[in-house]
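Notes for the one structure printed next.
Proteins come first, then strands; the chains are lettered A, B, ... in the order of their sequence lines, and each starts at number 1.
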Amino acid sequence: MPPVPSPTVRTRFAPSPTGFMHLGSARTALFNWLAARHAGGEMLLRIEDTDAERSQPEVIDMILGTLEWLGIDWDGEVVYQSQRAADHGAAVDSLFADGKAYWCACSRDDVDLRHKERGGKPGYDGFCRDRGLAAGADRVVRFRSPADGDTVIDDVIRGEVRFANADIEDFVIRRSNGSAMFITANAVDDIFMGITHIVRGEDLLPATPKIVLLRESLHAVDRPTFAHLPLIVNEKRQKLSKRRDDVALESYRDRGFLPEAMVNYLATLGWGPPDGVEVRPIAEIIGLFELSSVTKSSAFFDVKKLESFNGDHIRNLSAADFVSRTLPFVRTALLPVGADPASFDPAAFEAMAPLVQERVKRLDEAPDFVDFLYHDPAMDPDAWAKTMEKDADLARRMLDAAIDLLGALAVWEPVAINDAVIGFADANEISRKKAQGPIRVAITGRAVGPPLWEAMAVLGREVSLDRLGLARASVG
RNA sequence: GCCCCCAUCGUCUAGCGGCCUAGGACACCACCCUCUCAAGGUGGCGGCACGGGUUCGAAUCCCGUUGGGGGUGCCA
């Protein structure tokens, strides 16, 4: 196939479909995208689906959907590695023609056994290197790696990294079933796609000299710029893993993290803006981002800090945007299971939304701020004990006063409610904080929540007075 | 074992030989504001892993030690 002409910067994101978007993959995608967009270049998308069973369409759709959710777009058509087998095969043939490849009949067990016997360097020992074997059913093709010299990688982030060729074993480039190995497909496709900047995780650094050797042997004219990103690690400073860590992007989305916050926070893992302003729109990050200023050391994924970013981005939302994004969370949490979503009346939530918006760190926290507007309060035992039993006298006084004063109010509005309750508290030298406690618990069932007077205004006088009366009766 | 990478507050980072008695952010603590909780404001706690060099001068350069991590598949 003819080579594709390249812009100054063309990056690619090359995930293998695994069923969800891994946090580390998302960060890699983001940095590839930032590098491309900053330079006015392109970012291509390649699905590395050489494992046949992994290429189910729904699995791939999930990755594309999550990228879209994050706001990471790509240029051109998606390249599917599974459809590029012919090119991969041709590349192996060309290596054969140049004497850079040979057939090998050794099984994994053979290789391991011989290593055990001889000790020393691990890996393949070149047993079939000069045997002149022909193609065979259970034979693989190996790359003939140079016996001496160094392969040097010039990495924008790490500088010069040197590998002795003698340490690079004759690796497999074609499986016995005829398909290309990851390393082969990867190198061939990057050449084909005209990738100028290979941006990926540091875990792939040890495989890079093989890529370079392969490219050289395939007569690739342009040398790509490599950038190996620091790993994102857990609290034990290990690479994030599917098994033990919470790495699925989709699960963060489902917990009410905003894509704006997600990409913003991810961008600070391994990179920092020169002016030190961390929370900011992605457009500004594109302008400031530099691959060369990416950090070298691994970064801990701190959910606490992510939540802080998320809270900031939530507060930056317009009121209407906050409502529309939060409504699904409120609806599913407050509606009985199986109920028709359309049967949910968003009015009460919408009325309280601005007050909720400045209080949540995640969208999924919103239901707890308005649930009492939709059904009788679920009484929190600790809150009840603290406000109603610990000082029952005060509870009785405040509840009686509230029922009395609020029942006589001319207008049912937050200011009027406030003046009545606070006026009573001040006149009787009761601290305002203590005064509202029993009323809040009676109305909401909790000791903390959104501003009470507004909540009562939304609830309505009748229901509010009912709840106060019910609580008063329970206090005795 | 072998190869490779990394090393500034608990965490993410700024720093790229003198501006550093090391700056910011998250977290934590205190106070202010306040109908609770948040938000906001003010202040506080807290770090250059260690040892050698180089230099008039080192968080910044070099070497070593220690520590951490990654890789070592007919996975990607």
> Taking the same atom, C1', in B/C62 and in B/A58, what whole-Å distance lies between them?
Replying inline: 12 Å

>> For the P atoms, the ones on B/C19 and on B/C32, what distance do you get once it is rounded to whole angstrom?
In response: 38 Å

> The side chain of A/Pro451 lies closest to which of these nucleotides: B/G71, B/C35, B/A27?
Replying inline: B/C35

> Rounded to the Å, how far apart are A/Leu269 CG and B/A14 P?
Replying inline: 12 Å

>> Looking at A/Lys210, I'd like to know if its NZ atom is crowded, meaning that more than 12 non-hydrogen atoms belonging to other residues, nucleotides or ligands lie closer than 6.0 Å.
In response: yes

> In whole angstrom, what separates A/Asn186's CG from B/C75's P?
Replying inline: 15 Å

> Is the charged tip of A/Arg446 near the ring of A/Phe372: under 6.0 Å from the six-membered ring centre and within 45° of its axis?
Replying inline: no

> Can you find an N or O donor on one side and an acceptor on the other, under 3.5 Å apart, linking the side chain of A/Glu454 with the base of B/C35?
Replying inline: yes

> What is the distance from CZ of A/Arg280 to C1' of B/C12, rounded to the nearest Å?
Replying inline: 16 Å

> Which is true for A/Gly270 with a 4.0 Å heavy-atom rule: it touches a base, it touches only sugar-phosphate, or it touches nothing?
Replying inline: sugar-phosphate

>> It should be established whether A/Lys433 places a side-chain nitrogen or oxygen under 4.0 Å from OP1 or OP2 of nucleotide B/C37.
In response: yes

> Looking only at atom C1', what distance separates B/C37 and B/G24, rounded to whole Å?
Replying inline: 28 Å

> Do any N or O atoms from the side chain of A/Asn186 and from the backbone of A/Phe182 form a donor-acceptor pair under 3.5 angstrom?
Replying inline: no

>> Is there a salt bridge (Lys or Arg N to Asp or Glu O under 4.0 Å) between A/Arg108 and A/Asp112? Walk through the geometry before answering.
In response: CA-CA 6 Å; A/Arg108 185 71 220 171; A/Asp112 288 344; 3.2 Å; yes

> Does NZ or CZ of A/Arg114 come closer than 6.0 Å to the centre of the six-membered ring of A/Phe127, within 45° of the ring's axis?
Replying inline: yes

> Which nucleotide, B/C26, B/C74, B/C3, lies nearest any side-chain atom of A/Lys304?
Replying inline: B/C26

>> Please pick, from B/C26, B/G70, B/C6, the nucleotide with the shortest atom-to-atom distance to any side-chain atom of A/Leu231.
In response: B/G70

>> Closest approach to the side chain of A/Pro206, judged atom by atom: which nucleotide of B/U36, B/G70, B/C6 is it?
In response: B/G70

>> Tell me if the aromatic rings of A/Tyr252 and A/Phe301 count as close, with their centers under 6.0 Å from one another.
In response: yes

> Do we get A/Arg27 above A/Phe31's six-membered ring, with its NZ or CZ under 6.0 Å from the centre and within 45° of the axis?
Replying inline: yes

> In whole angstrom, what separates A/Asp155's CG from B/G70's P?
Replying inline: 19 Å

> Quick one: which of B/A38, B/C3, B/C35 gets closest to the side chain of A/Asp167?
Replying inline: B/C3

>> Need one value for A/Arg108: base, sugar-phosphate or nothing, where a base atom within 4.0 Å counts as base even if backbone is also close, heavy atoms only.
In response: sugar-phosphate

>> Applying a 4.0 Å non-hydrogen cut-off, can you work out what A/Val172 is touching in the nucleic acid: base, sugar-phosphate, or nothing?
In response: sugar-phosphate

>> Going by purine N1 to pyrimidine N3 plus the second Watson-Crick contact, or the G-U wobble pair, all under 3.5 Å, which nucleotide sits opposite B/A7?
In response: B/U66

> B/A76 phosphate, OP1 or OP2: any side-chain N/O from A/Arg175 under 4.0 angstrom?
Replying inline: yes

> When we call it a touch if two heavy atoms are under 4.0 Å apart, what does A/Ile417 touch: a base, just sugar-phosphate, or nothing?
Replying inline: nothing

> Do any side-chain nitrogens or oxygens of A/Arg359 fall under 4.0 Å of OP1 or OP2 in B/A39?
Replying inline: no

> Between B/C74, B/G71, B/C5, which one does the side chain of A/Asp203 approach most closely?
Replying inline: B/G71

>> Less than 4.0 angstrom between a side-chain N/O of A/Lys210 and OP1 or OP2 of B/G71, yes or no?
In response: no

> Has A/Arg237 got a side-chain N or O lying under 4.0 Å from the OP1 or OP2 atom of B/C12?
Replying inline: yes

> Using purine N1 to pyrimidine N3 plus N6-O4 or O6-N4 for Watson-Crick, or N1-O2 and O6-N3 for G-U wobble, each under 3.5 Å, what pairs with B/C35?
Replying inline: none

> Whole-Å distance between B/C6 P and A/Lys239 NZ?
Replying inline: 17 Å

> To the side chain of A/Ile422, which of B/C35, B/G71, B/G24 is closest?
Replying inline: B/C35

>> Under 3.5 Å for both donor-acceptor distances, Watson-Crick or wobble: does B/U54 have a partner, and if so which one?
In response: none

> Atom CD of A/Gln357 to atom P of B/C37: distance rounded to whole Å?
Replying inline: 21 Å

>> What is the separation between atom NZ on A/Lys434 and atom P on B/C37, rounded to the nearest whole Å?
In response: 14 Å

> Which part of the nucleic acid, if any, lies within contact of A/Gly449, taking any heavy atom under 4.0 Å across all strands shown: a base, the sugar-phosphate backbone alone, or nothing?
Replying inline: base

>> Given B/C35, B/C12, B/C3, identify the nucleotide with an atom nearest to the side chain of A/Glu278.
In response: B/C12

> Is the closest basic N to carboxylate O distance between A/Arg325 and A/Glu260 below 4.0 Å?
Replying inline: yes

> What distance, rounded to whole Å, do you find between the two C1' atoms, one in B/C61 and one in B/G18?
Replying inline: 15 Å

>> Over all strands shown, is A/Ser107 touching base, sugar-phosphate only, or nothing at heavy-atom distances under 4.0 angstrom?
In response: nothing

>> Quick check: any donor-acceptor pair below 3.5 Å linking the side-chain of A/Gln238 to the base of B/G68?
In response: no

> Among the nucleotides B/C74, B/A27, B/G69, which one has an atom lying closest to any side-chain atom of A/Ser176?
Replying inline: B/C74

> So what does A/Phe369 touch, heavy atoms closer than 4.0 Å: a base, only the sugar-phosphate, or nothing?
Replying inline: nothing

>> Could you check whether A/Asp400 pairs with A/Arg396 (Lys NZ or Arg NE/NH1/NH2 to Asp/Glu carboxylate O, under 4.0 Å)?
In response: no

> With no angle test and no hydrogens, is the base of B/C12 tied to the side chain of A/Lys305 by a donor-acceptor pair under 3.5 Å?
Replying inline: yes

>> For a quick check of understanding: with a heavy-atom distance under 4.0 Å over all strands, which category does A/Arg174 fall into, base, sugar-phosphate or nothing?
In response: nothing

>> Does A/Phe300 reach a base, just sugar-phosphate, or nothing at all? Heavy atoms under 4.0 Å.
In response: sugar-phosphate

> Among B/G24, B/C75, B/C5, which is the nearest nucleotide to the side chain of A/Leu205?
Replying inline: B/C5

> A/Pro15 near the nucleic acid: base, sugar-phosphate alone, or nothing, with a heavy-atom cut-off under 4.0 Å?
Replying inline: nothing

> Is any side-chain N or O of A/Lys361 under 3.5 Å from a base N or O of B/A38, one able to act as donor and the other as acceptor?
Replying inline: no

> Is the CG atom of A/Asn177 crowded by more than 12 outside heavy atoms at less than 6.0 Å?
Replying inline: yes

>> Counting only Watson-Crick pairs (N1-N3 plus N6-O4 or O6-N4) and G-U wobbles (N1-O2, O6-N3), all under 3.5 Å, who is the partner of B/C28?
In response: B/G44

> Using a cut-off of 4.0 Å on non-hydrogen atoms, how would the nucleic acid contact of A/Arg162 be classed: base, sugar-phosphate, or nothing?
Replying inline: sugar-phosphate

> Between B/C12 and B/U66, how far is it from one C1' atom to the other, in whole Å?
Replying inline: 24 Å

>> With rounding to the closest Å, how many angstrom separate the P atoms on B/C28 and B/U11?
In response: 16 Å

> A/Asn418 CG to B/U36 C1': how many Å, rounded?
Replying inline: 13 Å

> For atom C1', what is the distance between B/C9 and B/G15, given to the nearest Å?
Replying inline: 14 Å

